[in-house]
Structures are given as structure tokens and as C-alpha cells.
Amino acid sequence: MRYHFCPKCGGALSIEKTQDKNKPQCTQCSFTFYQNPAVGVAAIVIKDQKLLLGKRQGSYAGQWCIPCGYVEWDEDVYDAVIREFYEETGLTISISKVYTVLSNFHNPAQHTVGIWFMAEVMDGEEKAGDDLEEVGYFTFEDMPELAFPTDRIVIEKLKSEELIQ
Ligand SMILES: [Zn+2]
């Protein structure tokens, strides 16, 4: 159980009634606090069969990832990936398709469902921003240390489909 107090009234949350740690209920107002994964989005940009990655600062500092972020509450999922990619790389992208979808369990405090989109660069200059300090293109052999195990799965799929070299 990640949270102990009701977000509506401040009463104590308990799993006594539901017996489900992902559905604690408020002992004061009976509000059920459903704990669901957040949605993460990432964009795959490939140039000359090399994959664009970003070196992270803040959480997972020094490790690399496919540029990514969270979908905000009122935001369309496609707008989210375009916004996040622009904030982190300075590049405006156009989405061609969903490449794959995976559950991320690496952070026990925040499970996510990650959506990796195939994207093409439309405009802009590569410039690391937001939670990235550096961006670069990598071949499979030159892949730096990755922050997330699911990025590794995605990268192996890209390699097996010969989309990266
Ligand atoms: Zn309550």
C-alpha cells in the first residue's frame, strides 16, 4: 500500500474490507483508492540505423534511455509523446505508429504502462533539455548503460527487425 490517507477527506486508508492492497478504502468516507499504473510514453527516432538516446540527469542520472515521460491528466497520449520529446531533445516529431507496449515494474513506487512510438523528426535542433543532459545516436554495439530494462527489450526488438544496426 503506497498511501495511508484518503485524498478526499484525510481519513485513514485500510484494506480491511477489500483485502486488496491496490484497493484501499477510506475508513471515514468509504472512498476506494484504486492504485493503477501511470502511462509513460517514449519515442523511437532512428537516423542512419542508429537510435536516438538521452543521458539522464535527476533520477537514473548518468544512465541512458529512449526519450520518455508521463502522460499528464488532461493530455492526449499523442500530444504527450510529442511534448516530452520536444522538451527533452529540442526536436519536433511526427508519430508514425505505436511500435510496442510494455509494463514497467522497475520502479516499485510507480508502475507504468509504457508505449513506444515510432517517430520521425520534422523540425528542430538536437539539444538536451529537461531531465536529459546529453542526446546522441547509437548503434546496437555501442549502446551505453541503459536506465530501464524495458528499453533494452525494445532495443533488442529493433535490432532483430534490422531497424538499427
Ligand atoms: Zn475519505
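Every number for a ligand or one of its atoms is a count from 1 in the order of the listing. Along the sequence shown, residues are numbered consecutively beginning with 1.
- In this structure, K157 is positioned above the aromatic face of Y99, its NZ or CZ under 6.0 Å from the six-membered ring centre and within 45° of the axis.
- Aromatic pair F85/F117: centroids not less than 6.0 angstrom apart.
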Exercise. Take L158 and V154 through the side-chain contact (heavy atoms from CB on, under 4.5 Å) test and state the conclusion after the steps.
Key: CA-CA 6 Å; L158 290 168; V154 172; 4.3 Å; yes
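- Below the 2.8 Å limit, the Zn ion (ligand 1) has as protein N, O or S neighbours C6 SG, C9 SG, C26 SG, C29 SG.
- Ring geometry for Y60 versus F148: interplanar angle over 60°, hence perpendicular rather than tilted (30 to 60°).
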Quiz item: Step by step, would you call R56 with E88 a salt bridge (Lys or Arg N to Asp or Glu O under 4.0 Å)?
Solution: CA-CA 10 Å; R56 299 178 61 89; E88 296 194 333; 5.5 Å; no
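- Cation-pi check for K50 over F138 is not met; the charged atom does not lie both under 6.0 angstrom from the ring centroid and within 45 degrees of its normal.
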